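Below: the structure, in structure tokens.
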There are 2 protein chains.
Amino acid sequence: MKDKQKALIEAKANVLKALGHPTRLWMAEQLEHGEKCVCELAESIDADFSTISKHLSVLKQAGVVADEKRGKQVFYKLKVPCILKYMSCIEAVIKNQAEEQADLL
Amino acid sequence: MKDKQKALIEAKANVLKALGHPTRLWMAEQLEHGEKCVCELAESIDADFSTISKHLSVLKQAGVVADEKRGKQVFYKLKVPCILKYMSCIEAVIKNQAEEQADLL
DNA sequence: ATGACATTTGGTAAAATGACCAAATGATAG
DNA sequence: CTATCATTTGGTCATTTTACCAAATGTCAT
């Protein structure tokens, strides 16, 4: 494989990996209808603030979200909202799996 | 968050995580135009057969691919091809990132 | 049966990830 | 300027992931 191709694959995998954690995926979904501050996101997550901050940082690194500080708060938003449009396909994978499991019984 | 919601998020994250490794993403892309046997996939990957086999097993667990043994060979195929349609969006994320990096210079 | 071939499984070691705590930063209010 | 609030950073530890090697499995031809 060419170096450039390889780099592209790695970059894509990196984005998918960033979304491949329940907390981070949940956060991304929360941003579907607009920005939220860290404190809002934190409300529904049972984890240390530092943990939440680090997850957001992973999403930012991957280019999934952008952050903006306003006053004391930091707001995050989706940079490329199409990533959520994909979820119906992911759900199809899961449904498929579930049906096959059910067929075994 | 409700238990069911939580389980769904976890399932979705799991699929994304499975695709979130360069080798596995590459494999999935190779299957775009139909099934391939492990040996074909292995040709372009510089890794032990056992490593390749384990990656395929992760994709299978996640419900991304299905396998079928025919003769000595095992063939893998995509179960839900829409996952590849997503890649254009992922690429948009990367392009976005790249442009921002470029703007810094 | 025996050997050769394609793939998987089990074991192990190195590296990456994720969670928490404590401390640092930056912004605002008093 | 000091205290306070929101968030990030650094450190540490447990867990998970990944890669390789060696050995096992299942299939086919002889």
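Because the structure is a prediction, the values reported are computed rather than measured. Excluded from the calculations below are hydrogen atoms, water molecules and symmetry mates; all remaining heavy atoms, backbone and side chain alike, are included. Convention: sequence-line order gives letters A, B, ...; per-chain numbering from 1.
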With a cut-off of less than 4.0 Å, is there a side-chain N or O of [X] near OP1 or OP2 of [N]?
X: B/H55; N: D/dA19; answer: yes
X: A/T51; N: C/dA19; answer: no
X: A/K17; N: D/dT17; answer: no
X: B/Y76; N: C/dA6; answer: no
X: B/R24; N: D/dT18; answer: yes

Nearest-Å distance, [atom1] ([X]) to [atom2] ([N])?
X: B/Q61; N: D/dT18; atom1: CD; atom2: P; result: 13 Å
X: A/R70; N: C/dT28; atom1: CZ; atom2: P; result: 12 Å
X: A/L25; N: C/dG18; atom1: CG; atom2: P; result: 13 Å
X: B/K54; N: C/dT8; atom1: NZ; atom2: P; result: 11 Å
X: B/E35; N: C/dT7; atom1: CD; atom2: C1'; result: 16 Å
X: A/Q73; N: D/dC5; atom1: CD; atom2: C1'; result: 10 Å
X: B/L19; N: D/dT17; atom1: CG; atom2: C1'; result: 16 Å
X: A/D67; N: D/dA6; atom1: CG; atom2: P; result: 18 Å

For the side chain of [X], starting at C-beta, report the closest nucleotide among [options].
X: B/K69; options: D/dT27, D/dT8, C/dC20; value: D/dT27
X: B/K72; options: D/dT27, D/dC20, C/dC21; value: D/dT27
X: A/H21; options: D/dT8, C/dC20, C/dA19; value: C/dA19

Backbone of A/C37 reached by a side-chain donor or acceptor of A/E40 within 3.5 Å: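 Checking the backbone N and O of A/C37 against the side chain of A/E40, a donor-acceptor pair under 3.5 Å is found.
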Expected output: side-chain A/Q97 to main-chain B/Q61 donor-acceptor under 3.5 Å: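 Judged by distance alone, yes, a pair lies under 3.5 Å.
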Considering all heavy atoms, the nearest A/A28-A/L19 contact: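 Nearest heavy atoms, A/A28 then A/L19: CB-CD2, 4.0 Å.
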Shortest non-hydrogen contact between A/V93 and B/G63, atoms and distance: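 Shortest heavy-atom contact: CG1-O, 3.4 Å.
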Touch class at under 4.0 angstrom, heavy-atom based, for B/F75 against every strand present: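 No contact.
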Test item: A/I45 and A/W26 side chains (from C-beta on) under 4.5 Å apart, heavy atoms: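 Yes, close enough: below the 4.5 Å cut-off.
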Toward the 5' end of DNA chain C, by each residue's nearest nucleotide, B/A42 or A/G71: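 That would be B/A42.
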